[in-house]
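Data block below; observations after.
Order of listing sets the numbers, starting from 1, for every ligand and every atom in it. Quick note: residue numbers are just sequence positions, from 1. Note that the coordinates shown come from a computational prediction; the quantities given were computed from them, not determined experimentally.
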Amino acid sequence: MTQEMKHLPGMTLPELRSFVEALGEPGYRAMQLFKGMHERRVESFEEFTDLPKLFREKLSGVSILRTLRHASKHVSEDGTRRYLFDTAGGNPVETVFIPTEKRDTICFSSQSGCALKCDFCLTAKLGFLQNLTPGEIVEQIIFALNDVYGPGTETPHGTNLVAMGAGEPFNNYENLLKAVSIMNEETGLFIVPGRITISTVGIVPRILEFSELKRRPNLAISLSAPNDELRDRLMPVNKRWNIDELMSAAAVFQKSLRRGERFTFEYVLLDDVNDSKEHAKQLASVLRRYRLDRVKINLIPHNSAEALDYGAPSIERVEAFKLALEAEGVSAYIRKPRGNDIFAACGQLAAKQGKNPVKALTI
Ligand code: SAH
């Protein structure tokens, strides 16, 4: 039944306009609907108090506001919140809300599970379950904001979004970009592209396509190894597009940056695997070879889990890796893990297998 029901949060303004007109309503109702859903973030049709009652009833017969079913919430000691949902088809979706002093970051999922098989990532163990629809992506953000701030409140200025939850965003490209354009709308969530970052394992044709977009989010590429032999082993996607192809695409992307813009490589640090000074030097020389001088490297010490064979390097090794990169003129930052006590940190999203540690609060 729900298949024929329109899922409203995943519709753009023009789509909503055609939809309301087909129901015999004036076009301006689309804007009222859009604002209610994305600006006030209402949770039910009754809350659209600016719409006639009859229209609200009509709407509830042909459309729905929510498809994700909220299954659980865990709150970390550091304030990070991890939400678990089920899609209508019963697949898990995870979203992480990360507060910092200045601004919030919401880390959302683009797929349920993941097909990529990166050896150090827990989500990979789930395999691929489904692409999320634009509405399922947008709903994650609305849910997190409502959980923290309550419906009807203004979306805080400066909220950042990162497509760094479960899944490979560039393998769900159209849905992802549609969700992004809905969230960009000034009359809605108004989260501008500059505050959104998409992280990819390196789907080369998509990076090239993405380079051509005029208004687009920031890009992060997960590299995690400075040579093909190692990257083949850690990230099997490297056998499809190797480092040469990936770096050539990154160079094309770099050319498309506007003045002052930079982009990011993520590098998961795995103890005794890819974290030596030699690896840092190799990485810097790869960047030089492709003239990638507008990049920064985010170093992510590995977040471990029982099902994974890797560990995080000591803080001394992490620091030494960073210094070795800086000595070669490469900007590097260490990403502080957030919410790892509740399995909310990078690479720990695997709904069905992640155990809930004792300290986590389940609501
Ligand atoms: N599939 C995309 C989006 C996920 S982003 C991508 O890989 O870019 C998740 C980030 O966390 C990626 O940079 C990934 O390499 C990293 N990651 C995966 N498993 C991790 C783990 N166990 N510890 C730390 N980082 C991890």
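Using a 4.0 Å heavy-atom cutoff, Ala220 is absent from the residues neighbouring ligand 1.
Taking only nitrogen or oxygen atoms, main chain and side chain alike, Gly167 reaches within less than 3.5 Å of ligand 1. The shortest N or O to N or O distance between Phe120 and ligand 1 is below 3.5 Å. Checked against a 3.5 angstrom limit, the closest N/O atoms of His302 and ligand 1 fall inside it.
Between the choices Ile198, Val268, Asn298, the shortest heavy-atom distance to atom 15 (O) of ligand 1 belongs to Val268. Within the set Gly165, Ala312, Ser304, Ser222, the minimum heavy-atom distance to atom 4 (C) of ligand 1 is found for Gly165.
Near Thr200, meaning under 4.0 Å from one of its heavy atoms, ligand 1 places the atoms 6 (C), 8 (O). Proximity to Ile300 (heavy-atom distance under 4.0 Å) selects the following atoms of ligand 1: 24 (C), 25 (N). With ligand atoms numbered from 1 in the order given, ligand 1 contributes 1 (N), 2 (C) to contacts under 4.0 Å with heavy atoms of Glu168.
Under the 3.5 Å distance criterion, the side-chain polar atoms of Arg82 are left unmatched by any main-chain donor or acceptor of Glu94.
With hydrogens and angles left out, the side-chain atoms of Ser44 and Glu47 include a donor and acceptor closer than 3.5 Å. Side-chain contact of Thr155 with Arg41: a donor-acceptor pair under 3.5 Å is present, judged by distance alone. In the model, Arg338 has no side-chain atom that pairs as donor or acceptor with a side-chain atom of Thr105 under 3.5 Å. Glu136 and Thr87 share no donor-acceptor pair across their side chains, judged by distance under 3.5 Å alone.
With a 4.0 Å cut-off on non-hydrogen atoms, Thr123 does not touch ligand 1 at all.
At most 12 non-hydrogen atoms from other residues, nucleotides or ligands lie less than 6.0 angstrom from CZ of Arg291.
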